[in-house]
Number of protein chains: 2
Amino acid sequence: MSQQRTGPTDGPDFPDLPEATVARLPEYLRALHHLAEDGHDTVSSEGLAAAAGVNSAKLRKDLSHLGRTGTRGVGYDVTLLIDQIEQVLGLTHRRAVALVGVGNLGHALAGYAGFGTRGFRIAALFDADHSRVGEHINGLVVRHIDDLPEVVDQESISIAVIATPAHAAQHVADRLVEAGVTSVLNFAPCVLNVPDGVDVRKVDLAIELQILSFHEHRKSALTALPAAVQKPGRVGMANRLGGEAVAT
Amino acid sequence: MSQQRTGPTDGPDFPDLPEATVARLPEYLRALHHLAEDGHDTVSSEGLAAAAGVNSAKLRKDLSHLGRTGTRGVGYDVTLLIDQIEQVLGLTHRRAVALVGVGNLGHALAGYAGFGTRGFRIAALFDADHSRVGEHINGLVVRHIDDLPEVVDQESISIAVIATPAHAAQHVADRLVEAGVTSVLNFAPCVLNVPDGVDVRKVDLAIELQILSFHEHRKSALTALPAAVQKPGRVGMANRLGGEAVAT
DNA sequence: AGGCGCTTGTGAAGCCGTGCACAAATCGCG
DNA sequence: CGCGATTTGTGCACGGCTTCACAAGCGCCT
Ligand SMILES: NC(=O)c1ccc[n+]([C@@H]2O[C@H](COP(=O)([O-])OP(=O)(O)OC[C@H]3O[C@@H](n4cnc5c(N)ncnc54)[C@H](O)[C@@H]3O)[C@@H](O)[C@H]2O)c1
Ligand SMILES: NC(=O)c1ccc[n+]([C@@H]2O[C@H](COP(=O)([O-])OP(=O)(O)OC[C@H]3O[C@@H](n4cnc5c(N)ncnc54)[C@H](O)[C@@H]3O)[C@@H](O)[C@H]2O)c1
């Protein structure tokens, strides 16, 4: 079955995969796991695309970059495709993640089960506040940030999450990079400067809301002029589009 | 000066603004507020671009869509530009936001100060768990989700944040839409189906990590072949690129 | 065994976004 | 008052992404 492939860790079988595709693969992966739980063993591109909320042609093109994955006339083998995507995303082993800043948000993240079920393991918690150091959260002890190099080395941590106030984020990022971390997920609302070879992704709640605000603003500006449905009661507004996403 | 514009709420002065630009305006806004606090009253496109972490040409093109904003030879008036961007993003009044799902993550969000400082006001908290209803968080009372239509109406809420488990998210979204909410920020790892005219943005921590994982995987695959720096000690790795982002 | 229906994989076209490079505009100074 | 330094605003070309549409391939049924 899956063993027939020429080798799991063959190495450079990356046809350098468009960035947009990479960003969607995790979405497919989640939908596939869901389908697998529901007992499906094959999916059509149409079905998977619906479950992931994308265009089916886009999905097929994305998957075509992984090599020959589907079977014409049938669809995609769910478990095989899961393996392929996890392979490409480097999720074959559970990656160790460090979380820096165990405050309001950090506590929530530390207790988040979604880490474990999606291929990651929180390997360490750090904070600069001495009164927090030593605290036990979800089976982990909060360590002082000065221990960073040591722990990063011991636990082979390459990914870190920053959940400190914005004014501390750049400093934390510098220390992370210095300790050997090469990927950072930043929750602090600020721009991080890192050397080449280090990846940074950011999550900014306020930015997301402001983008929504823009569209709200635009909607109300538009509905002000035409004979608009100011408040259609509450009929027919709900799930019109699409139907159920997962399964059928 | 600024009063000379033909009218602040003129309405359809939207040259429909590229989506990519909309997504960056909040970033500029944050950088501008930072600059204003530091006493700057004008910025060059170069300076602002550096502070926001983007290309200066891109920034100029983005801002050019807002109309005549800068002064050649001088730069941009910081406070004026802040006003313009807030205008376009619809941040002239503090928008009311509902938060549904006051669990682990919801608590953190409810206590987040960044809402207030970036143009939003948490107007209501909802949960389905009766044992949570009535709880006071940050000056707000958690209400039962059945009160949604009433409260949404009273508080003129058009934006909602979903922080419930994934299996409840679609149901919550339906009820939100039914109550009149037209923008949703979804933290639950699932696809939401909503009717036309309703905007959904999602934040999925695991997806972000998986994208980082891919790049990690690729990095280690690449450094495996050439005469690579497996572990360069810890020298010279840190802040090489760029320098300080904000001010100079 | 052969045909038929279904689904993948992909060529090609169009759109959007990015970044260079430069002309136009503005200010300050002599 | 005019000139040069400076910085904006933008025309243009290029690359990437999306989408349509269809031929090639596969399994199933007769
Ligand atoms: N709370 C939220 O819901 C939320 C939402 C979106 C974004 N954020 C952002 O996430 C970040 C954290 O938010 P929060 O509400 O948890 O803040 P917080 O103040 O509750 O927690 C910050 C933690 O970081 C620690 N810290 C400070 N400096 C540090 C350093 N140099 N090294 C290590 N640890 C350090 C503090 O001791 C504290 O425990 C902020 O940047 C915030 O803007 C928070
Ligand atoms: N905790 C995190 O750090 C984190 C990070 C990223 C994403 N998420 C996602 O955010 C969501 C919430 O995570 P959490 O850790 O806070 O979970 P949680 O179980 O602690 O909280 C969920 C809350 O939602 C409420 N709820 C359930 N069904 C509801 C319904 N139909 N209507 C209203 N409220 C309802 C529950 O009563 C509970 O209070 C999940 O989807 C999770 O995957 C969480």
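Letters A, B, ... mirror the listed sequences (proteins, then strands); counts begin at 1.
Side-chain contact check for A:Leu185 versus A:Ile159: every heavy-atom pair is 4.5 Å or farther apart.
For D:dT18, the OP1/OP2 oxygens have a side-chain nitrogen or oxygen of A:Arg24 closer than 4.0 Å. Contact check, A:Tyr76 against D:dC26: no side-chain N or O comes under 4.0 Å of OP1 or OP2. At D:dC26, none of the side-chain N or O atoms of A:Arg68 fall inside 4.0 Å of OP1 or OP2 (strictly under the cut-off). A:Asn55 has a side-chain polar atom (N or O) that falls below the 4.0 Å cut-off from OP1 or OP2 of D:dC20. Here B:Ser44 does not reach the OP1 or OP2 of D:dT7: none of its side-chain N or O atoms lies under 4.0 Å away.
Checked by atom type, the side-chain pair B:Asp174/B:Gln170 shows a donor-acceptor distance below 3.5 Å.
For A:Lys58 and C:dG11, the NZ to P distance is 20 Å, given to the nearest whole Å. Taking atom CD of A:Glu46 as the reference point, atom P of D:dT19 lies 13 Å away to the nearest angstrom. When rounded to the nearest whole Å, the span between CG of A:Leu48 and P of C:dG9 equals 12 Å.
Side-chain atoms of B:Lys61 stay outside donor-acceptor range of the base of C:dG17, with no qualifying N/O pair under 3.5 Å. The base of C:dT8 is paired with the side chain of A:Arg72 by a donor and an acceptor separated by under 3.5 Å.
A:Glu216 and A:Lys219 are joined by a salt bridge, as a carboxylate oxygen and a charged side-chain nitrogen come within less than 4.0 angstrom of each other.
Across all strands shown, A:Thr69 has heavy atoms under 4.0 Å from sugar-phosphate atoms exclusively, and none from any base. Among the heavy atoms of the strands lying under 4.0 Å from A:Glu19 are primed sugar atoms or P, OP1, OP2 only; no base atom is included.
Nearest nucleotide to the B:Arg60 side chain, out of C:dC20, C:dG9, D:dT8: D:dT8. Comparing D:dC20, D:dG9, D:dG27 against the side chain of A:Thr71 picks out D:dG27 as the nearest.
Taking the nucleotide of DNA chain D with the nearest heavy atom to each of A:Ala20 and B:Gly73, the more 5' of the two is matched to B:Gly73.
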